[in-house]
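Below you'll find the structure, written out as structure tokens, and then a few comments.
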Amino acid sequence: MNSSTRMVLSAALFIAALFVPQVPALQPYLTQIAFLWVMILFALTWDVLGGQMGYNSFGNILYFGLGMYATAVIQRDLYFTVEEYANVAGGEQAALTTAEYLFGLGLGMGTGALLAVIVAALLGSGILGLRGHYFAICTLGLGIAAGELASGWDYIGAGSGLVTPLLPDALGERGPFFYYVFLILAVIAFLVLRRLYAGQFGLAINAIRDDEDKAEALGLHTTRYKTVAWCVSAFFLALTGGAFGNLVIFIDPTDVAFAGPTFGVWMVLMAILGGKGTLWGPVIGATVFHVTQELFWTYLFGWQRVALGLLIVVVVVFFPLGIVGWMRERWPKRFGEVVDAEARKAQISLEGES
Amino acid sequence: MGNLEILVEAPIFSVQLLLDGLLVGAIFALAAYGMALLWGVMNIINIAQGDFVILGGYVTLTLYNAGIPALAGVPVAAIVLFGVGWVIYRVVIFRVVDRDLFISILATFGISILLQQLMDQIFGADIQSAESGLGTLFLFDNQVTLGKVKLVAFGTVLVVGAALAIFLKKSRMGQAIRATSQNARAARIMGINTDRVYAMTFALNAAVCGAAGALVVMTWVIQPFIGLAYTIRSFMIVVVAGLGNIAGVVAAGLGLGAAEQFAAFLLGAEFQIGFVFALLVVILLLRNAVLKRKRQVLK
Amino acid sequence: MTDLLKIDRVCKSFGGVVANDAVSLSVPEGAIIGLIGPNGSGKTTLFNSIVGYHPIDSGSIRFRGEELSALRTAEIARLGLLRTFQQTRIFGKMNCVQNMQISVPHVGDSFMTMWRRFPPEVTERAESLLKFVGLYAKRQLRAEDLSFGQQKLLEFAMALMNEPKALLLDEPTAGINPTLINGLIDRLKRAHAEFGITLFVIEHNMRVIMNLAEYIYCLAHGELLANGTPEQIQNDQRVIEAYLGGH
Ligand SMILES: Nc1ncnc2c1ncn2[C@@H]1O[C@H](COP(=O)(O)OP(=O)(O)OP(=O)(O)O)[C@@H](O)[C@H]1O
Ligand SMILES: [Mg+2]
């Protein structure tokens with residue numbers, strides 16, 4: 001597949017995606033399909049560190065929850081006092097005008113994203129100094145600690161959670177509205193990452209993945225690249241979280257916002273399933289995973305989470321390359337890797353003039 | 001932090017907290033000892049460590065519900081978990097031993113989720129515990145209470161730990177395990193069947209966790225989803241103590257137990273788990289800062 | 001000639017092992033200096049100390065008058081003092097051209113430049129340097145698919161791409177096919193002459209180092225044993241003993 005066919009195909013996919021909410025048969029499933037874009041965002045943002053940079057994080061969920069809470073709190077505090085809101089939340093009185101709602105949502109998501117970037121920058125300079133499994137387990141602790149903290153903090157609803165304002169009627173159903181929000185977010189994230197991977201940033205984080213000491217020995221600002229990579233990831237995750245809270249309406253600290261054992265692990269699984277360290281891998285992995293998971297949910301009720309655990313083990317142990325990684329090993333030429341036998345066999349020579 | 005005043009005014013509370021903390025910390029140390037063994041021999045960090053502990057608790061609980069004294073759960077849980085560990089090694093772990101550490105972390109994470117969900121399906125999500133029926137000691141004019149079972153648990157930890165240490169030191173298998181941990185390649189050349197050694201190590205670790213779990217269900221409570229906290233506790237203890245340092249593991253375990261009790265008392269019980277995970281982050285960052293100052297090359 | 005690199009009584013020990021004991025030497029600007037010594041005599045340790053891979057116990061290391069011992073590896077590299085590794089290190093999952101591109105000098109990097117794409121000049125220069133070391137035909141291969149010797153050449157090319165003022169080479173010819181060694185010596189000399197890079201080379205191959213270096217230091221048991229021109233070193237009884245006598 002050369003780049004122009006790929007471009008045409010991607011554009012066609014995007015246009016098809018734009019029309020999905022118009023298809024009557026899909027109406028009842030719009031929320032599930034909107035979740036698909038969320039999953040893609042999860043996998044894409046995880047892969048920045050995990051796949052491209054070789055820093056396997058179990059704690060990216062932190063930024064998702066942070067964005068979610070920041071957005072909801074701003075939406076609330078713009079128009080209500082905490083007590084007032086606690087009384088009316090979810091009810092008719094809490095209804096906002098379209099302008100109020102959109103302003104609150106926009107300001108909230110923006111602030112959440114900014115906050116996440118700041119937190120990522122602060123944490124990053126310390127935590128990204130850890131290597132290998134120390135990093136993985138430290139970030140695992142980070143995500144869970146955040147959830148526990150949120151569960152105990154009354155201002156944000158503590159363990160009983162926080163309700164987000166309802167979408168005003170003028171904006172239609174929640175399903176299609178957030179479908180478009182997440183579609184646009186996912187497309188932007190994809191394009192931004194594609195651009196970043198194509199330049200010095202992409203090569204630098206790949207170099208860090210392959211040999212961080214060597215990258216340092218060549219003079220790369222490794223800490224800067226690592227921190228920025230985490231900030232980029234945090235930025236998109238916080239935006240996703242902000243909108244996600246409004247889609248599901250109810251924010252539970254450990255089951256929705258800082259849902260490490262579910263979302264936090266799925267991010268990793270989806271990226272690996274699709275192919276770590278590739279651009280399309282996370283997209284494909286998230287799609288396959290989401291469909292599989294919906295099937296699990298439908299046909300295995302009660303045992304679906306058991307099946308998910310099993311799926312993790314199977315994917316990690318038997319299929320660590322992922323779908324795209326496997327295809328790349330199989331048909332390297334289609335991925336622009338020239339590995340013809342001639343180049344392999346070519347005798348290198350340093351004699352005479354070169 | 002309001003409770004700080006209580007501690008200042010009634011110092012005897014500190015004794016209560018310290019005692020509770022040290023006794024539960026011994027159980028943490030036991031699970032950590034297993035983790036250190038596994039880490040040292042197989043270079044695997046077992047995220048399912050805590051779930052093994054909880055599973056051991058459920059085995060004991062099942063016996064208890066059948067009318068058998070909970071204490072009998074210690075050997076039975078150990079034996080059952082030994083089997084579980086062996087099977088898990090034969091099915092999954094042997095495929096990831098020599099691979100990238102992250103693969104084994106993720107694979108054991110998958111096992112952890114699997115076990116949690118299975119326990120949830122089988123035993124339900126409620127918090128449960130088993131009464132030992134041993135009664136309570138009252139100390140310091142009844143100001144400090146101490147379940148006798150906690151003392152029994154402490155003693156059991158010592159016995160199990162010592163038994164494991166002696167096994168590693170004296171038995172043929174134990175020597176093979178130690179040789180493999182020094183240099184697996186060399187051990188293989190010397191004719192040691194490292195695959196069997198690994199299987200044995202993994203199963204032994206699971207058995208130790210099972211015993212620890214039996215003690216947890218008698219002295220505390222269990223629930224299908226709290227295993228990860230035990231994994232993190234074990235990991236922290238091993239990181240602080242270092243591999244192959246039993247005294248360090250014991251000291252760090254007791255210290256962690258006590259620290260948790262005080263944190264829970266001062267911050268509120270709802271923050272105890274949060275404290276464990278936050279402490280992990282702090283400890284890892286501190287460790288890194290110290291190593292960086294020495295600019296030692298990190299593995 | 002001024003001293004580009006001046007090392008003054010550097011000590012470094014690992015636990016009980018004294019790897020460098022009061023080593024003093026200097027590398028004049030524009031020179032090719034050799035460093036030899038039996039296995040375990042502390043040559044690599046000295047390189048590691050120079051580039052800030054680990055802190056030294058005492059002594060001073062100055063590069064163009066600036067004290068290095070408080071700087072970190074990347075900062076030292078950006079000053080123009082680069083090293084290659086004895087255990088060749090390249091970016092395995094990236095292809096040769098990418099390995100070269102990311103090796104551009106990073107001294108002017110800022111938050112703005114990190115987003116840039118590589119301009120065509122960089123790619124051209126990468127390819128011409130790959131030609132220079134004879135790897136052009138392999139430029140699209142993943143670096144991990146190259147043989148060890150080829151990786152060594154790639155690492156050398158990456159170092160040149162970085163436009164250092166001084167290059168510390170740790171056994172550049174180890175693992176290189178003997179028929180290529182003459183070519184490699186020629187490349188080293190040309191890198192020195194054409195790009196004006198000062199070379200400081202660890203080498204076990206006596207023929208290579210005698211041919212290449214204008215001045216040689218010899219370490220043994222962490223101490224400086226002898227120094228002099230290739231002829232002087234070749235005839236120095238202590239050096240011969242150190243190599244033959246073992247330890
Ligand atoms: N990181 C380290 N920790 C402990 N000891 C070390 C370390 N690095 C080097 N050493 C010791 O320091 C001494 C010098 O090692 P070094 O690698 O500098 O030797 P070398 O001259 O480069 O040898 P070779 O010619 O074999 O490469 C050796 O005894 C080695 O064991
Ligand atoms: Mg050396």
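Within every chain, numbering begins at 1; the chains are lettered A, B, ... in the order of the sequence lines, protein sequences first and strands thereafter.
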Is it true that C:Arg89 and A:Glu216 have a side-chain N and a carboxylate O under 4.0 angstrom from each other? no

Tightest non-hydrogen contact, residues A:Glu329 and C:Arg142, listed as OE2-NH2, 3.5 Å

Could you tell me the separation between the CG atom of A:Asp211 and the OG1 atom of C:Thr88, rounded to the nearest 0.5 Å? 11.0 Å

Heavy-atom pair of closest approach, residues C:His106 and A:Leu218: CD2-O, 3.6 Å

Separation of C:Ile102 CD1 from A:Phe201 CZ (nearest 0.5 Å): 11.0 Å

Does any heavy atom of chain A fall under 4.5 Å from the side chain of C:Tyr136, the backbone, both, or neither of them? neither

Are C:Met158 and A:Lys214 packed together at the side-chain level, in the sense that at least one heavy-atom pair is separated by less than 4.5 angstrom? yes

Structural part of C:Asp109 lying under 4.5 Å from a heavy atom of chain A: both

Side chains of C:Met94 and A:Asp210: closer than 4.5 Å at any heavy-atom pair? yes

Could you tell me whether A:Arg195 atom CZ has more than 12 heavy atoms of other residues or ligands within 6.0 Å of it? yes

Using side-chain contact (heavy atoms from CB on, under 4.5 Å), reason through A:Leu203 and C:Phe91 one step at a time and then give a plain yes or no. CA-CA 10 Å; A:Leu203 283 193; C:Phe91 304 119; over 6 Å; no

Which of the residues C:Met161, C:Arg116, C:Glu155 is involved in the greatest number of heavy-atom pairs with chain A at under 4.5 angstrom? C:Arg116

Tell me, for A:Leu220 versus chain C, whether the close heavy atoms (under 4.5 Å) come from the side chain, the backbone, both or neither. both

Which atoms of C:Leu146 are under 4.5 Å from chain A, going by heavy atoms: the side chain, the backbone, both sets, or neither? neither

